[in-house]
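Below is one structure, written out as structure tokens, with a few remarks after it.
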Amino acid sequence: MMRRAGSGAIAGMAGMTLALIAAAAAEWPPVSSPLSPTAQFERGPVGGSIRSRGTAEAFCALPETVATWTAQTQCNSAPQFLSSFCADHVRVTSDALECVVDGHPCAQPAHPSCGNTSVHPYGGVAIEGPEIFYGNTSITVKVAVGNAVMTTITGYAGPSFGFGWNGGSLDTVGMSIGSGHYSAKLPFNAGSDYHRYDMVWGNGTAEFYADGSKLTLTPPLDPSDVPSQPLPLFIFAYACGASWCTPKFDCDSECPATTSIKAVAYTPNGTTAVPCANPPSPPAFCDAGPPAATAWFPTNGCAANESVVYLADHVGPTKVGVEVRADGNLSSAPWNCKGDRGYTSSGATAMGASPVHYGRTSVVLQTAGEGVATDFQLFNMETPPLGPQGSPEVGLGFGRAGSSPKSLFLQVGADNATVTLTFDPSTAPHNYSFSWSPDALVVAADGRVLHTATANAPQIALGVSVSVTPSSNQSTGSATIVSASYTPQDGAAVSCGAPPQQYKLLWEDDFTGTTLGKQWTPYDNCTHGKEAQLYVADAVTVADGMLKLTAFEFPENKTDRNGVQHRFGSGWVDSASNLSSRALNDCWSNNSAAQPFNFLHGKWEIRAKMPAGHFWTALWLMPDAEVCWPQGGEVDILESDIWGQQPPYEPHAAYHWATKGTACFHDMAGAEGAALKSPPGFDFSKDFHIYSAELTERWIVYSVDGIPYYSVSSTETRGNLPATPMYLILGNQLWPGWDYPSELPAVFEIDWVKAWVPE
């Protein structure tokens, strides 16, 4: 889905780059004031926020993939930017990603001039993508036509490297190289059709091509201009108000102006180009009857300026499906939704486990009666709803503001209408569907078309939700979700009410004997992050039918391979085959024998006994693939809940993922996670317990002794559940600054490990 970035990311970065390219594209040489664009550039509220992440990996992005990059909603007060940058000005059609410049700016109060239509009277686009570096970057694009309509595709993080076009003179293209700007004549009009542009970047070298023909730079290249660091790739389309953008921009004659992109690719030097592909459609599903309750995830909390609290315990299974209830019971409300804060009634929101996209989405739903509004919505997953979203991408609202349930408010983007149904939706279930393509979205009830939207059909994958909201604190009622299904465009439907997934045992290890199985690698003289211990093989033993990971104090401080001294040692083993070139530790061990033991979807079970005391015991999964953290996800099956409490610790589960697919050791997001709330005085270190995680393409469920206590969905992670085989880590960790030597030695005992995969 398109990442909707907030304030600050673009306001402080692009003035220099865009000014240089704009000047180069408009006319060479700008003799009168070649540096005036940079002199006029004003830093935004978060100056210097754009930086290299130090990575540049091959990619080839088709329109729907480019739509997953970060679209900005922001502005820049430098005078060349007449447009504010608006995420909603990016759209995907059946064959291109369109970046639109028009007369509809977006309000953005993060900068004094943002939202001021006298400064930014127009709308435009800014998108941040992966990084590029030495190699070939190619763009297939049809450039927007119009005087002073600027299109820029460039790497930028201080220095820059890229193309820029002025829609009023499309027989010329500008190039920004480091802090220098250049231009070249084109053998065609860049706005007449799609053309491929290549920029070949080397150490002190730069070559540019148009449809395979090498362009002649004016002036000749100065090698000292060529950047020597990876740069994030940006795409811009905007109206230019600077003196060199002539003739002046005139929206009456130029708007809307559209730059259309078919593909963007990068191949590093010495590597093979990767194939182009759009992201796969979300998985098909059909959740029906009481088992469907496992596929709906309730939200829990309250929003400012509202009187309704949306409660997780108001969503649950019934004999026919899933109930979503509203009433006046606030007893389970979170602490910040109680007292004199103005909350007087309770509602509920159930979020579907996985997103939907092009294809057919339907829900068989019996709405609540009069006095309780029911909303069925497709929502932007960047802002999961507590209740019904005020501006959903797609929404059906029944009985809002105390009206009859037959009064249906229908919304598709900015398009909305009110329809009076011929039936009462609160007396029986009815089938409501969205048939969705890149060019249209058709809304139907029981097969009868209610509305067709073509101008505002959303282009990103969306979450699904059903909410109930009482119109007053005396109103009570519930909606029932009988079934919900999604069939991707050109995909096959799945059967409804399928039995629960059955698993078969892939492998197990009950640690008999005295040696580890071939799938395990013990760490020896290794570190992980800034933890207090040094992992050593002597701390890993197999005895008494157990794997034992022992934390202890060295007789004398031990020096690791980086020259750092450690007072404490401990044990770690994992089943990694080390397919990744970015290991979690400094051992860089390789164990190809472990690869068949790792898998993507299935269930891991570990019977283990936590040590007593201040120990950060952990059972977790990481990708056994060429990805780096947090790419690919991190599944924490068990962590001692060391945050904010003293022993005995509760088991804690969590999931972490990358907010940007190319970031290494940056841009981490995470589900908040949860600790198992056991009875007071219960101590998990006194006995063995079975800790497990079940991974599917739609959710992850965490359990202790067969009792689920936490789950995370594909919707909650914005489609970022694991997508590669995962390996298991078993560790007895000591956090940074740990100093409880009187509790040593301490043993983390593992009785057995079982790995299950779908039958």
Side-chain angles (χ1 to χ4, degrees), residues 505-526 528 531-555 558 566 568-576 587 589 591 593-594 597-598 603-621 636-640 642 647-651 676 678 682-693 703-706 727-734 738 740-756:
L505 188 65
L506 177 66
W507 62 270
E508 64 178 319
D509 194 340
D510 56 7
F511 302 108
T512 57
T514 58
T515 59
L516 283 171
K518 64 181 180 180
Q519 71 271 37
W520 301 113
T521 300
Y523 281 14
D524 193 22
N525 198 27
C526 298
H528 171 239
E531 294 168 8
Q533 79 290 318
L534 179 67
Y535 291 114
V536 292
D538 290 345
V540 179
T541 57
V542 179
D544 306 319
M546 306 284 177
L547 170 62
K548 300 182 180 184
L549 307 177
T550 303
F552 64 97
E553 185 173 9
F554 291 114
K558 187 175 178 63
H566 296 266
F568 306 111
S570 192
W572 164 312
V573 299
D574 65 37
S575 66
C587 273
S589 56
N591 183 7
F597 291 82
N598 301 320
K603 183 165 61 173
W604 294 87
E605 292 184 316
I606 305 98
R607 187 173 188 265
K609 181 180 178 183
M610 298 165 59
H614 295 79
F615 298 96
W616 188 13
T617 48
L619 308 170
W620 46 308
L621 305 175
D636 296 329
I637 302 173
L638 161 70
E639 286 185 276
S640 303
I642 64 174
Y649 293 132
E650 298 276 354
L676 177 65
S678 58
F682 193 88
D683 187 349
F684 277 84
S685 69
K686 291 186 178 298
D687 205 347
F688 285 87
H689 298 274
I690 299 173
Y691 303 94
S692 70
S703 302
V704 174
D705 295 332
Y727 68 88
L728 177 64
I729 301 169
L730 314 172
N732 193 4
Q733 304 171 162
L734 312 179
W738 189 92
Y740 297 92
S742 63
E743 298 179 356
L744 297 174
V747 183
F748 184 23
E749 296 179 287
I750 296 92
D751 184 19
W752 49 254
V753 174
K754 294 182 180 181
W756 305 82

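Every value quoted in this text rests on a predicted model; they were computed, and no experiment measured them.
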Quick one: are [X] and [Y] in side-chain contact, heavy atoms under 4.5 Å?
X      : Y      : answer
His614 : Pro647 : yes
Phe688 : Glu749 : yes
Leu728 : Ile637 : yes
Met546 : Val747 : no

Would you mind telling me which of Tyr523, Trp520, Trp616 makes a ring pair (Phe, Tyr, Trp, His ring centres under 6.0 Å) with Trp572?
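One option only clears the test, and that one is Tyr523.
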With Phe615, the ring pair (Phe, Tyr, Trp, His ring centres under 6.0 Å) member among Phe748, Phe684, Trp738, Tyr740:
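Filter result, single survivor: Trp738.
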My understanding is that only residues two or more places apart in sequence, or in another chain, count here; which of them pass side-chain contact (heavy atoms from CB on, under 4.5 Å) with Thr541?
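By the side-chain contact (heavy atoms from CB on, under 4.5 Å) rule, Thr541 matches Lys548.
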Listed partners of Pro741 passing side-chain contact (heavy atoms from CB on, under 4.5 Å), at least two apart:
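If we apply the side-chain contact (heavy atoms from CB on, under 4.5 Å) test to Pro741, skipping adjacent residues, the hits are Glu553, Arg567, Phe568, Asp739.
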Donor-acceptor pairs under 3.5 angstrom involving side-chain atoms of residues 533-540: please list them, not counting sequence neighbours.
from	atom 1	to	atom 2	distance (Å)
Gln533	OE1	Leu734	N	2.7
Gln533	NE2	Glu531	OE1	2.5
Gln533	NE2	Tyr535	OH	3.2
Tyr535	OH	Glu531	OE1	2.8

Does Lys754 qualify as a cation-pi partner of Trp752, given the criterion of NZ or CZ under 6.0 Å from the six-membered ring centre and within 45 degrees of its axis?
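Geometry flag: set, cation within 6.0 Å and 45°.
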Among Asp510, Asp751, Asp705, Asp509, salt bridge (charged side-chain N to carboxylate O under 4.0 Å, His left out) partner for Arg607
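So, applying the salt bridge (charged side-chain N to carboxylate O under 4.0 Å, His left out) to Arg607 and each of Asp510, Asp751, Asp705, Asp509, only Asp751 qualifies.
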Which atom of [X] lies closest to which atom of [Y], heavy atoms considered:
X      : Y      : result
Gly613 : Tyr649 : O-CE1, 3.4 Å
Met610 : Ser640 : CE-OG, 3.4 Å
Asn732 : Leu549 : ND2-O, 3.1 Å
Ala594 : Ala576 : CB-O, 3.7 Å

Classify the ring geometry between Trp604 and Trp507 as parallel (under 30°), tilted (30 to 60°) or perpendicular (over 60°).
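Correct class here is perpendicular.
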Single hit among Val753, Leu547, Ile690 for side chain to side chain contact (heavy atoms under 4.5 Å, CB included) with Ile606:
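Testing Ile606 for a side chain to side chain contact (heavy atoms under 4.5 Å, CB included) against Val753, Leu547, Ile690 leaves exactly one candidate, Val753.
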Please round to the nearest 0.5 Å and tell me the distance separating atom [atom1] of [X] and atom [atom2] of [Y].
X      : Y      : atom1 : atom2 : result
Thr617 : Leu638 : OG1   : CG    : 5.0 Å
Leu516 : Ser575 : CG    : OG    : 12.0 Å
Asn598 : Leu506 : CG    : CG    : 9.0 Å
Trp620 : Leu730 : CH2   : CG    : 11.0 Å

